[in-house]
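Residue numbers start from 1 in every chain, and the chains themselves are labelled A, B, ... in the order their sequence lines are given, proteins ahead of strands. Just so we're clear, the structure is a prediction, and the values are computed from it rather than from any experiment.
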Amino acid sequence: MTQVANLLEGLNPAQREAVETVDGPLLIIAGPGSGKTRVITHRIAYLVQEYGVSPYSILAMTFTNKAAREMTDRLGRLAGPHAGALTVGTFHSFCARLLRIEGDFIGLSRNYSIFDDDDQISAIKQCLGQADYDPKRYPPRAVLSAISRAKNVLQDSQAMARDAAGYYFEEVCARVYRHYEELLARNNAVDFDDLLLRTVQLFREYPVVLQRYQDRYGYLMVDEFQDTNVAQYQLSRQLSQGHQNFCVVGDPDQSIYSWRSADVRNILNFKNDYPRAKVISLGQNYRSTANILNAAKGLIESNGKRLDHQLFTDNSTGQPVRVDEAYDEDEEAGKVIGEIKRLTREESFKLGDCAVMYRVNAQSRAMEEACLQQGVKYRLVGGTRFYQRKEIRDLTAYLRLVYNQQDDQTLARVVSVPPRGLGAKSMQQLGEWATGRGVSTFDAMREITLASRNKQPSPVSLPSRAASSIAKFVDLIERLVAISREAEVVKLIDVLLSESGLQKHIQESDERPEERWENVMDFRGIAQEFNAETPPDGLGSLLERTSLVSQVDDLEDAEDSITLITLHQAKGLEFPVVFIVGMEEGLLPHSRSLDSEEQTEEERRLCYVGMTRAEQRLYLMRAFRRNFRGGSGGPAAASRFLREIPEDLLVPAALSSTAARTVTSPQPGGGSSIRAAALAAASVAPSSGPALKVGDPVRHRAFGDGIVMACEVTASDVEVTVEFAGGVGAKRLLLSFAPLEKLSDSEDPGLGGR
DNA sequence: ACAAACTTGCTTTTT
DNA sequence: GCAAGTTTGT
């Protein structure tokens, strides 16, 4: 009983209610920083301790491995020895394990492969060929993403074809999809989306199996529910059908993955689907200062379609949100890094407290350069993931082939690394022969090997050199398969590395061999964790791990580095100091999301997610000019989001740029102000000089014609930034001194402001 | 098997 | 306008 008291202690009334509500459907709307994970873990512990629910019958699903691990750790501390019996995992890993066990029902044997992105693309290319479509007209990426979208709404190729009627591209995709299904089946493989789709299908077709899982899991919880897609929702519904002990936690305002088929309607319509669902709103924020929270609230309130719920905090007011602008991305980066250095020097922040967030990965380059220049250590989230590195992928490809020889995609990757005299043409011939006879490529190779061992003529006409290469290769793989059945995983890896020539190949490559070999050894270290399992299960688990990890997963705390991260990846994280860079129209909101209101609202949520990551300080930065892909990029207007944040919570920051950038003339006395610019944009004319507003064409005696990019009201004057034509670039000018004259619209110098 | 020349397209990327 | 991918040539 004391333990139970502990579980409720320190919770606010809403949190407590959420923990104590154990039966029936429950929807928890959890605002940012509202102690969501705490509530989930305490609720699980409470179920076990107070209600005597067996931990064995509790299933908790998350989206990231990181979230799953965090939850498991916390539960270990809360529920102690019980924790091990809980099922906590991502949707995908749960399904992957389930299919290992039950896959037979739908024609998947235990050792099935999980196709990664590359496998999928090359498979799609192959299918396009089979269906006789030109990959130029139908880019494999686009076809794959259409198929993926269909899978995420639980459509097989037939259903997709039915829906596609009249839409030519979709029809084509549905036809390719049919070939793709067949290819996956031949390879004894599934792709990411299949993990969910095929599980749902299995449950539909075999109610007995579903029954078993329904009986086992009497309590189901789903985290980040706003990001579930139709397949995930359906799966959850199936599992909780009988008992309806279905608890979902999420925040529609943080739904930022609709482009990955997440369907926010799952959470918005939850009450319709479960009329007797209890709804609890966690509104108290424990993370951010009041100023930061209110600024974020102000922004998100501009979204039309919203489930209203009250956010508040007892935290201190804190400092206003600081806003600053720069000439271009380099100056912006210089200012950010300069300010971070100041924060560590003059205040008590550490580098590890600071994060810089951006909309697109390309923005990291300027930040990295500024870090290098100013000697600030950084960690870049994203980049090539560990398991995506070439050397690791080559190694895992071998392991996958050893685990499942039906997997032609993997075979194709492995066969010429290192080169062993089996070129594209031999493989092509071999592949055709194999498909013609309805066997896998490896089986075909095996037959050829057998024939040559028995001194029989090769069943296919191949160069004799190729035939002997094939025999050697088959030999190698079969030896490895034998080892995989009796030895531990690391032993298999060691033999593989030396016997396949992969070790030599990596160590003698010209691209940083030491580093690459180190990665291989790191991988070997990871593999050690799976040594204990009886062969070949250890191999299976290792492969599952390699297919299902993300970039944020292995993000470790680094005290002495700042973090560079996209806004998407930042979801779920928090930092004392946050900079959001690139607050410009066309970037945030991104130009590709401006054509629909829904998409623009998602951009707003993305910005909201970023802002609510900040605990103490929040900076919003923008640049006038940004070099997109080398292109001039054109002058960019301030993001509408800046205007939507309540004015009184913002303050111009006037950060100094340590990185020298000579375009700007020395700034007299004062802060530049985005707010003022916005006011000016709204045609509030400055009190002196010609009335200028953003977008006006002007003429300068020395610089020629240009366009007003911004007006900033300083203490005593108005400072305008003008983008001049003819390679002159942007200048900041004081209106009272500068010989500027306003041109009428007909004299527009044609710079084309937005 | 690699390099040079060309084409293309250009958000985000939990698993 | 560039980087990445594809095609073509040696």
(message) Going by the rule side-chain hydrogen bond (donor to acceptor under 3.5 Å, both in side chains), which residues pair with A:Glu529 if we only count those two or more places apart in sequence or in a different chain?
(response) none
(request) Using atom CG of A:Leu573 as one end and atom P of B:dT14 as the other, report the distance to the nearest whole Å. (result) 12 Å
(message) For the aromatic rings, using the six-membered ring if either is Trp, is the centroid distance between A:Phe63 and A:Phe225 under 6.0 Å?
(response) no
(request) Using the P atom as the reference point in each nucleotide, state the distance between B:dT12 and C:dG5 in Å, no decimals. (result) 14 Å
(request) Identify whether any heavy atom of A:Lys151 sits under 4.0 Å from a base atom; if not, whether one sits that close to sugar-phosphate; answer base, sugar-phosphate or nothing. (result) nothing
(request) Apply side-chain hydrogen bond (donor to acceptor under 3.5 Å, both in side chains) to A:Arg592 and list each qualifying residue two or more places apart in sequence or on a separate chain. (result) none
(request) Could you pull out all residues at least two apart from A:Ala412 that satisfy side-chain contact (heavy atoms from CB on, under 4.5 Å)? (result) none
(request) Taking side-chain hydrogen bond (donor to acceptor under 3.5 Å, both in side chains) as the test, write out the residues that go with A:Gln363, two or more places apart. (result) none
(request) Could you list the residues that satisfy side-chain hydrogen bond (donor to acceptor under 3.5 Å, both in side chains) with A:Arg613, not counting sequence neighbours? (result) A:Gln254
(message) Taking B:dT11 as the reference, what is the distance to C:dA4 when you measure between their P atoms (whole Å, please)?
(response) 14 Å
(message) Taking the minimum atom-to-atom distance to the side chain of A:Arg359, which one of C:dT6, B:dT13, B:dT11 wins?
(response) B:dT11
(message) When you compare the ring of A:Trp259 with the six-membered ring of B:dT13's base, are the centres less than 5.5 Å apart and the planes under 30° from each other?
(response) no
(message) Let's see if you get this right: which residues in residues 223-234 of chain A place a heavy atom under 4.0 Å from DNA chain B?
(response) A:Asp227
(request) Answer yes or no for this row: A:His590 ring on B:dT11 base, centroids under 5.5 Å, planes under 30°. (result) yes
